[in-house]
Amino acid sequence: MKKLQVAVFISGRGSNLESLIQSSFKKQSLVEVQLVISNNSKAKGLVIAKKNKIPAIHFISRKNFETKVSQYLQNIDIICLAGFMQVLGTKFVRNWRLRLINVHPSYLPAFKGLNAQDQAIKAKASYSGCSVHYVTSKIDSGQIILQKKVKILKKDNTESLSKKILIEEHKIYPRALQMVAKRLIVKKK
Ligand code: GRF
């Protein structure tokens with residue numbers, strides 16, 4: 001069976017990109033990471049793409065981003081946002097409904113938006129976590145695909161919590177991607 005083709009959108013470090021790529025190499029994987037798109041020419045994730053011989057493109061300007069990017073997405077089945085720090089236009093999001101997913105560093109619906117780990121520490125929450133969800137036009141509000149809780153200890157700060165959450169992100173994001181791929185394959189049949 002032909003694997004589903006995935007594009008990963010990044011803006012920075014790319015550690016989730018790396019975990020998605022590595023898991024896609026597994027024999028039983030239903031997906032293949034075919035393309036990396038960045039809105040930042042200095043994103044470290046671009047180096048990860050290169051190292052893994054995955055074509056990567058960067059678009060610096062926000063203007064017509066969606067139109068420009070769409071030309072490269074003709075053969076793509078699923079888009080994964082992985083630390084992509086740009087809000088996508090409503091039309092684009094609607095066109096990719098159920099095929100566009102994101103990882104967020106909190107146990108949604110708590111702590112939506114920027115600096116989610118810091119929000120959790122400041123709120124003195126007893127736990128936070130991470131969530132993989134479908135993207136809708138409302139930020140961090142689409143249907144949850146997978147989530148994992150992470151305990152917050154008294155000694156935790158934003159940095160230590162971010163590290164603990166990231167470890168879990170790297171586990172749930174590839175699993176959630178397989179789930180989405182499976183749902184799409186079943187739908188096509
Ligand atoms: C992750 O914490 C992700 O949840 C958030 O941005 C961070 C990206 O990290 N959306 P990386 O670029 O995947 O290393």
Side-chain angles (χ1 to χ4, degrees), residues 6-25 31 33-52 54 56-60 62 65 69 78-88 92-93 96 100-123 125 127-152 156-180:
V6 171
V8 184
F9 285 22
I10 59 163
S11 298
R13 187 175 51 186
S15 69
N16 278 290
L17 165 67
E18 175 92 66
S19 80
L20 292 173
I21 294 173
Q22 291 311 323
S23 80
S24 74
F25 291 151
V31 303
V33 179
Q34 203 208 46
L35 179 66
V36 173
I37 302 275
S38 173
N39 65 342
N40 168 13
S41 61
K42 295 199 172 71
K44 288 211 179 97
L46 289 171
V47 180
I48 296 171
K50 202 169 172 201
K51 199 180 76 196
N52 288 285
I54 297 169
I57 313 165
H58 67 264
F59 297 91
I60 306 155
R62 252 175 202 243
F65 176 86
V69 127
I78 303 171
I79 298 174
C80 292
L81 306 183
F84 184 65
M85 304 301 286
Q86 186 175 307
V87 178
L88 292 162
F92 185 88
V93 169
W96 284 90
L100 174 59
I101 63 178
N102 180 43
V103 62
H104 181 75
S106 80
Y107 199 83
L108 290 170
F111 311 124
K112 293 178 183 175
L114 291 176
N115 308 318
Q117 302 94 329
D118 198 37
Q119 290 185 47
I121 292 287
K122 285 190 176 135
Y127 70 89
S128 186
C130 48
S131 310
V132 180
H133 63 92
Y134 286 107
V135 175
T136 60
S137 46
K138 253 186 162 184
I139 286 181
D140 301 329
S141 299
Q143 191 200 326
I144 307 283
I145 302 156
L146 265 185
Q147 294 184 286
K148 175 80 183 159
K149 278 186 184 164
V150 171
K151 268 195 192 148
I152 304 179
D156 272 323
N157 53 31
T158 304
E159 201 193 338
S160 66
L161 177 62
S162 302
K163 274 191 190 155
K164 289 199 284 188
I165 291 177
L166 196 63
I167 292 171
E168 299 306 328
E169 289 184 40
H170 295 162
K171 292 181 196 161
I172 68 164
Y173 208 0
R175 282 178 49 213
L177 175 56
Q178 293 302 313
M179 286 167 67
V180 170

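Everything numeric in this text was worked out from a predicted model, so none of it was measured. Both ligands and their constituent atoms are indexed starting at 1 by order of listing.
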Quick check against the 3.5 Å criterion: does [X] have a side-chain atom that pairs as donor or acceptor with the backbone of [Y]?
| X | Y | value |
| --- | --- | --- |
| Gln119 | Leu114 | yes |
| Glu168 | Lys149 | no |
| Ser24 | Gln22 | no |
| Ser131 | Leu108 | yes |

What is the nearest protein non-hydrogen atom to [atom], stated with its residue, atom name and distance?
| atom | value |
| --- | --- |
| atom 3 (C) of ligand 1 | Glu169 OE1, 3.2 Å |
| atom 9 (O) of ligand 1 | Arg13 NH2, 3.0 Å |
| atom 5 (C) of ligand 1 | Pro105 CD, 3.9 Å |
| atom 6 (O) of ligand 1 | Gly83 CA, 3.6 Å |

Are any of the N or O atoms of [X] closer than 3.5 Å to those of ligand 1?
| X | value |
| --- | --- |
| Asn102 | no |
| Gly14 | yes |
| Val103 | yes |

Smallest separation among heavy atoms of Leu35 and Ile54, with atom names: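 Smallest interatomic distance, heavy atoms only, reads N-CG2, 3.8 Å.
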Residue pair Ser11 / Asn40, side-chain donor-acceptor N/O under 3.5 Å: no
